[in-house]
Amino acid sequence: MIIAIDGPAGAGKTTVAKGVAKELGFTYIDTGAMYRAVTYQALRLNLDLDDEEAVTDMAMDMDIHLEEGQVYVNGEDISTQIRSPEVTRSVVKIADNRRVRERLVSLQRSLGRSLKGAVLEGRDISSVVFPDADFKFIV
C-alpha cells in the first residue's frame with residue numbers, strides 16, 4: 001500500500017507522514033532526503049551544481065539507502081550533513097535537474113513498491129511519483 005502526501009513547504013507534510021507511518025506500521029520514505037543526499041555529495045566533490053551532466057553522472061553512481069530515519073550514501077551515514085545550511089540553500093538546483101529527478105523518482109517508485117506499506121511525502125509525490133497511490137493527501 002502506498003500513501004502519498006503532498007503540500008507546500010512548511011505545511012507539516014513530514015510531521016503528518018511520520019505520524020501516519022508510525023500509526024500504521026508502514027515505512028516512511030523521506031524523498032527530500034534523497035535530493036539532499038545528492039546535493040551533499042555534489043558539494044562534497046566540489047561539483048558545479050549548474051553542470052547538469054556532471055551532477056547527473058554522479059547521482060547515477062550513488063547508492064542511496066534510507067533506513068529508520070537515517071540516510072546512507074555509498075554505505076556512509078550522512079543524515080546530519082544533509083541538514084546543513086549549505087545543502088538547504090543548494091538543494092533546489094539539484095531538485096530542478098530533470099535527469100536527477102528521473103533517477104530519484106525511479107528509486108522512490110522501486111523502494112515504495114518493494115514494501116508492504118509506505119508513506120511518502122514531498123514534491124510531486126501524488127502527481128508524478130505515485131499517481132496511482134492507494135491514498136493521496138494534500139496537507
**Prompt:** What pair of heavy atoms forms the shortest contact from Ser90 to Thr39, and how long is it?
**Reply:** CB-CG2, 3.7 Å

**Message:** Would you say Val129 ends up clustered with Ile29 if hydrophobic residues are merged whenever their side chains have heavy atoms under 4.5 Å apart, either directly or through other cluster members?
**Reply:** yes

**Message:** Quick check: is Met1 connected to Leu115 through a chain of hydrophobic side chains (ILVMFWY, heavy atoms under 4.5 Å apart)?
**Reply:** no

**Request:** Of all the heavy-atom pairs spanning Phe26 and Ala118, show the shortest one and how long it is.
**Result:** CD2-N, 3.7 Å

**Closest contact, heavy atoms only, Val73 versus Ala37** = CG2-CB, 3.8 Å

**Prompt:** Can you tell if the side chain of Met34 reaches within under 4.5 Å of the side chain of Gln108, non-hydrogen atoms only?
**Reply:** yes

**Item:** Partner set under salt bridge (charged side-chain N to carboxylate O under 4.0 Å, His left out) for Arg109, not counting sequence neighbours
**Value:** none

**Message:** Assigning hydrophobic clusters by single linkage (Ile, Leu, Val, Met, Phe, Trp, Tyr; side-chain heavy-atom cutoff under 4.5 Å), is Leu104 placed with Ile2?
**Reply:** yes

**side-chain hydrogen bond (donor to acceptor under 3.5 Å, both in side chains) involving Arg113 - partner list, sequence neighbours excluded** = none

**Request:** List the atom of Ala17, the atom of Tyr28, and the distance in Å for their closest heavy-atom pair.
**Result:** CB-CE1, 3.6 Å

**Item:** With sequence neighbours excluded, residues passing salt bridge (charged side-chain N to carboxylate O under 4.0 Å, His left out) with Asp6
**Value:** none

**Request:** Could you note down all residue pairs passing side-chain hydrogen bond (donor to acceptor under 3.5 Å, both in side chains) where residues 9-24 supplies at least one of them, sequence neighbours left out?
**Result:** Thr14-Glu121

**Within one Ile-Leu-Val-Met-Phe-Trp-Tyr cluster: Tyr40 and Val38, side-chain cutoff 4.5 Å** = yes

**Request:** For the residue pair Val87 and Leu43, establish whether any side-chain heavy-atom pair is separated by less than 4.5 Å.
**Result:** yes

**Request:** Taking all heavy atoms of Ala4 and all of Ile125, pick out the closest pair and write down the distance.
**Result:** CB-CG2, 3.3 Å

Name each donor-acceptor pair under 3.5 Å that joins a side chain in residues 53-64 to protein atoms two or more places apart or in another chain, with its distance.
{"from": "Thr56", "atom 1": "OG1", "to": "Glu52", "atom 2": "O", "distance (Å)": "2.7"}
{"from": "Thr56", "atom 1": "OG1", "to": "Asn97", "atom 2": "OD1", "distance (Å)": "3.4"}
{"from": "Thr56", "atom 1": "OG1", "to": "Asn97", "atom 2": "ND2", "distance (Å)": "3.4"}

**Min side-chain heavy-atom separation Val16-Phe137 under 4.5 Å** = no

**Request:** Please name all residues satisfying side-chain hydrogen bond (donor to acceptor under 3.5 Å, both in side chains) with Asp48, sequence neighbours left out, ordered by chain then number.
**Result:** none

**Request:** List, by chain and number, the other hydrophobic cluster members for Val92, where Ile, Leu, Val, Met, Phe, Trp and Tyr join if side-chain heavy atoms come within less than 4.5 Å, directly or indirectly.
**Result:** none

**Request:** With sequence neighbours excluded, tell me which residues meet salt bridge (charged side-chain N to carboxylate O under 4.0 Å, His left out) with Glu86.
**Result:** none

**Asked** Can you find a heavy atom in the side chain of Ile3 that is under 4.5 Å from one in the side chain of Val20?
**Response** yes

**Message:** Looking at every non-hydrogen atom in both residues, tell me the closest pair between Ala42 and Leu49 and how far apart they are.
**Reply:** CB-CD2, 3.5 Å

**Asked** Residues in side-chain hydrogen bond (donor to acceptor under 3.5 Å, both in side chains) with Thr88, at least two apart?
**Response** Arg36

**Request:** Answer whether the closest heavy-atom distance between the side chains of Leu111 and Thr27 falls below 4.5 Å.
**Result:** no

**Item:** For Arg101, salt bridge (charged side-chain N to carboxylate O under 4.0 Å, His left out) partners two or more places apart
**Value:** Asp124

**Request:** Apply side chain to side chain contact (heavy atoms under 4.5 Å, CB included) to Tyr72 and list each qualifying residue two or more places apart in sequence or on a separate chain.
**Result:** His65, Glu67, Gln70, Asp77

**Message:** Please tell me whether Ile138 and Val119 are part of a single hydrophobic cluster in this structure, the criterion being side-chain heavy atoms less than 4.5 Å apart.
**Reply:** no

**Prompt:** What side-chain hydrogen bond (donor to acceptor under 3.5 Å, both in side chains) pairs are there with at least one residue in residues 129-139, not counting sequence neighbours?
**Reply:** none

